[in-house]
Protein chains: 2
Amino acid sequence: MEDLDRRLVGLLLQDGRMSYTDLGKATGLSTSAVHQRVRRLEERGVITGYAATVSPEALGLPLSALISVTPFDPSDPDDVPQRLAHITEIEDCYSVAGVESYILKVRVAMPGNLEDLLARIRSAANVSTRTTVVLSTPWEGRSASASV
Amino acid sequence: MEDLDRRLVGLLLQDGRMSYTDLGKATGLSTSAVHQRVRRLEERGVITGYAATVSPEALGLPLSALISVTPFDPSDPDDVPQRLAHITEIEDCYSVAGVESYILKVRVAMPGNLEDLLARIRSAANVSTRTTVVLSTPWEGRSASASV
DNA sequence: TGTGAAAAGTTAAGAGA
DNA sequence: TCTCTTAACTTTTCACA
């Protein structure tokens, strides 16, 4: 990928609503050249979409936790992600190389909701869980990709 | 927060570049009413920004890992996040209630870079680390906030 | 909080190098 | 792959309910 494309991606990571005109000013390209390049980045799957970033606290979800998930029965077919997909509190789901099989990141309003959520996770996927509560978030979503 | 605001936030989580005109059509509001509401959501800090979402693989960072961080010397002043802030590979930094003090999510190009990164983390913050490699990501960034 | 209207700015698509 | 052009659309601001 070209340097110009990298710069466009970097700018759009910082401000996903930046206009093609401003992207052009920042890169020295014409508006339509920017437009074409961004469209190509989208088509190639480098840019997969655009999203508002919201404050979970402001939306009433101040409590985050990381949950390690281990299947009870290792002989079960491993369809844990599918079994958990409908649970909207689970923001991220990683399959990992560790003592656990999966690590989930969840957000809820308060401790009672976390208790309830854990019960739903355990019964939906037939797993045991180990939960680590997040006390504070020095930063999040800083796009390591920005370093590219 | 009102139901209309929730719907606007939900729509902008899904498509952060949606026009005010289209947001108006989706909510039944006039363009300028949408504009005012979105501006207020931004001012109140509910919407904190907009970002392109990119594929880390397409950017050449296919290897993710979760790193548990524990200070060597518990009597040290705890400024681990500040000491790590300059390391751009660290996408998320959580302070947690567990045997470890922090959990980091990082992205790198290949195993060698992970080795190098761990050395930099340990020496920058005077910590020990325990690393869990991510094998696959069934989903990520699904905005639990969408459930609001 | 909302509306509608008008000016200023942006996007999208095509022709041409 | 770039620029330029032009029509269609979107944003922004304002007066007013």
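Because the structure is a prediction, the values reported are computed rather than measured. Naming convention: chains lettered A, B, ... in sequence-line order (proteins, then strands); numbering from 1 in each chain.
No side-chain heavy atom of Glu100(B) sits less than 4.5 Å from a side-chain heavy atom of Val69(B).
Along DNA chain C, the stretch of nucleotides lying under 4.0 Å from any heavy atom of chain B spans, 5' to 3', dT1(C) to dT11(C).
Every residue two or more places apart in sequence or in another chain was checked for a side chain to side chain donor-acceptor pair (under 3.5 Å) with Arg7(A), and none qualifies. For Ala65(B), the side-chain contact (heavy atoms from CB on, under 4.5 Å) partners two or more places apart in sequence, or in a different chain, are Val106(B), Leu114(B), Thr131(B).
Ionic pairing of Glu91(B) and Arg107(B) is present here: one or more N-O contacts between side-chain nitrogen and carboxylate oxygen are shorter than 4.0 angstrom. Salt bridge present: Asp5(A) and Arg37(A) bring a charged side-chain N and a carboxylate O closer than 4.0 Å. With respect to Glu89(A) and Arg120(A), a salt bridge is recorded, a charged nitrogen being found less than 4.0 Å from a carboxylate O.
A salt bridge (charged side-chain N to carboxylate O under 4.0 Å, His left out) check over residues 49-58 of chain B, counting only residues at least two apart or in different chains, returns nothing.
Five base pairs at each end of the helix from dT1(C)-dA17(D) to dA17(C)-dT1(D) define two local axes, and these are offset by 30° (rounded to 10°).
Taken to the nearest 0.5 Å, the CG atom of Leu41(B) stands 9.0 Å off from the CG atom of Leu59(A). Put simply, CG on Asn126(A) and CZ on Phe72(A) are 6.5 Å apart, with the number rounded to the nearest 0.5 Å.
In summary, the side chains of Tyr50(B) and Glu42(B) do present a donor paired with an acceptor at a separation below 3.5 Å, with no hydrogens or angles considered.
Residue Leu4(A) contributes atom CG, which lies 11 Å from atom C1' of dC2(D) at whole-angstrom precision. Look at CG on Leu23(B): it is 15 Å from C1' on dC9(D), rounded to the nearest Å.
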Self-check item: Letter per nucleotide, 5' to 3', of nucleotides 10-17 of chain D [B base touched, S only sugar-phosphate touched, - untouched; heavy atoms, 4.0 Å]
Solution: SBBB----
